[in-house]
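Hydrogens, waters and symmetry mates play no part in the numbers below; they use all other heavy atoms, side chains included. The sequence lines fix the lettering, A, B, ..., with proteins before strands; numbering per chain opens at 1.
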Amino acid sequence: NAGVTQTPKFQVLKTGQSMTLQCAQDMNHEYMSWYRQDPGMGLRLIHYSVGAGITDQGEVPNGYNVSRSTTEDFPLRLLSAAPSQTSVYFCASSRGQADSPLHFGNGTRLTVT
Amino acid sequence: AQKVTQAQTEISVVEKEDVTLDCVYETRDTTYYLFWYKQPPSGELVFLIRRNSFDEQNEISGRYSWNFQKSTSSFNFTITASQVVDSAVYFCALRTPYNQGGKLIFGQGTELSVKP
């Protein structure tokens, strides 16, 4: 069972470059989300989606875009990378119920120089 | 607004000691869901337990137990007879009702170090 798959695992960008972090799940989950993890700050929600075609902002959305054209995929786009976006990024999914636990991918470590 | 506070940033214990990780939450919702996750040094996030706001029964699973008290807005996690393999960062989280987005809000995490 693949679960939630994130690519790439590691990425180094220069300031101003753009890139897309990929996230795919094979559990037919309606809900998908992106978090960033920084030391001492826990995991902070960037964007989330309750279903295909529906996205909304989380706690720290600035500098990031998302789209959800299919149930399976939820890519996160950095339009113009900044050093403040250096972080570990996690994608997660769950069934469309609030009592359903989130299943997390293994994370993407992004460094912006 | 919802908020989760884990006041203990780091805890260090010696193997076989019991340890309690504190979690305090804030929400105005009457229905909500609380979770604990474990993040071992390898970095993945592992789901441990879920508790509904209307179910205040404590739960025990092996060496792990959870104490949910709505009166104090707390959902504490106790590891009995800790082991080195318990060393990890532990996160408490609160999930909003799905009609409000179903967002999972995390605390800052508690890093537990169990020394042999």
Side-chain angles (χ1 to χ4, degrees), chain A residues 1-6 8-10 23 25 27 29-51 54-61 66 68 74 87-110, chain B residues 1-10 21 23-25 27 29-55 59 66 68 75 88-111:
Chain A
N1 292 335
V4 179
T5 302
Q6 288 184 239
K9 292 187 190 299
F10 301 95
C23 176
Q25 52 92 7
M27 297 172 281
H29 283 169
E30 296 95 330
Y31 185 91
M32 296 187 74
S33 54
W34 277 101
Y35 289 85
R36 61 177 288 173
Q37 183 176 19
D38 303 292
M41 304 190 75
L43 287 94
R44 293 181 292 169
L45 182 64
I46 305 172
H47 286 285
Y48 65 98
S49 168
V50 297
I54 305 170
T55 64
D56 206 344
Q57 297 181 351
E59 304 166 83
V60 289
V66 292
R68 183 102 180 264
F74 192 44
S87 188
V88 180
Y89 291 84
F90 287 95
C91 180
S93 72
S94 78
R95 291 183 292 122
Q97 299 163 230
D99 65 346
S100 176
L102 264 63
H103 298 257
F104 284 84
N106 287 332
T108 296
R109 185 172 294 275
L110 175 67
Chain B
Q2 292 83 8
K3 185 179 179 181
V4 177
T5 301
Q6 296 179 254
Q8 305 150 308
T9 305
E10 297 178 11
L21 309 182
C23 172
V24 174
Y25 62 91
T27 181
D29 297 313
T30 54
T31 300
Y32 51 88
Y33 305 89
L34 296 163
F35 298 81
W36 276 93
Y37 282 83
K38 174 181 180 180
Q39 187 176 42
S42 51
E44 72 272 23
L45 285 149
V46 179
F47 163 67
L48 293 177
I49 192 171
R50 168 196 61 220
R51 176 62 71 219
N52 303 328
S53 56
F54 42 87
D55 180 3
E59 180 149 343
W66 290 268
F68 174 38
F75 186 38
V89 181
Y90 290 87
F91 291 98
C92 180
L94 168 71
R95 194 162 191 187
T96 63
Y98 208 69
N99 59 8
Q100 295 180 28
K103 294 172 285 187
L104 189 66
I105 307 298
F106 283 85
Q108 300 92 324
T110 297
E111 182 170 6

Query raised in the report: Which atoms of A/Leu45 come close to chain B, meaning under 4.5 Å heavy atom to heavy atom: side chain ones, backbone ones, both, or neither?
Result: side chain
Report task. Tell me, for B/Gln39 versus chain A, whether the close heavy atoms (under 4.5 Å) come from the side chain, the backbone, both or neither. Result -> side chain
Report summary line: So, the part of A/Asp99 with a heavy atom under 4.5 Å from chain B: the answer is both
Requested in this report: Heavy atoms only, distances under 4.5 angstrom: which of A/Ala92, A/Gly96, A/Gly107 has the most pairs with chain B? Name it, please.
Outcome: A/Gly96
**Report entry** Under 4.5 Å from a heavy atom of chain B, the part of A/Tyr31 involved
**Finding:** both
Report task. Indicate yes or no: does A/Asp38 engage A/Arg44 in a salt bridge with an N to O separation below 4.0 Å. Result -> yes
Query raised in the report: How many angstroms lie between NZ in B/Lys38 and CG in B/Leu48, if you round to the nearest 0.5 Å?
Result: 7.0 Å
Query raised in the report: Which atoms of B/Tyr33 come close to chain A, meaning under 4.5 Å heavy atom to heavy atom: side chain ones, backbone ones, both, or neither?
Result: side chain
Query raised in the report: Any idea how A/His103 and A/His29 line up, ring-wise: parallel (<30°), tilted (30 to 60°), or perpendicular (>60°)?
Result: tilted
Report task. Go through the atoms of A/Ser94 and report whether side chain, backbone, both or neither lie under 4.5 Å from a heavy atom of chain B. Result -> side chain
Query - Pairwise distance CG(A/Leu102) to OG(A/Ser33) - rounded to 0.5 angstrom - result: 4.5 Å
Report summary line: Bottom line for B/Tyr32: the part with an atom under 4.5 Å from chain A's heavy atoms is neither
Report task. Answer yes or no: is there a donor N or O on one side and an acceptor on the other, between the side chain of B/Gln6 and the main chain of B/Cys92, under 3.5 Å? Result -> yes
Report task. Could you tell me which non-hydrogen atom of B/Phe75 sits nearest to which non-hydrogen atom of B/Phe35, and how far apart they are? Result -> CE2-N, 4.2 Å
Query raised in the report: What part of B/Ser42 lies closer than 4.5 angstrom to a heavy atom of chain A: side chain, backbone, both or neither?
Result: neither
**Report entry** Any donor-acceptor N/O pair, B/Glu59 side chain to B/Trp66 backbone, under 3.5 Å
**Finding:** no
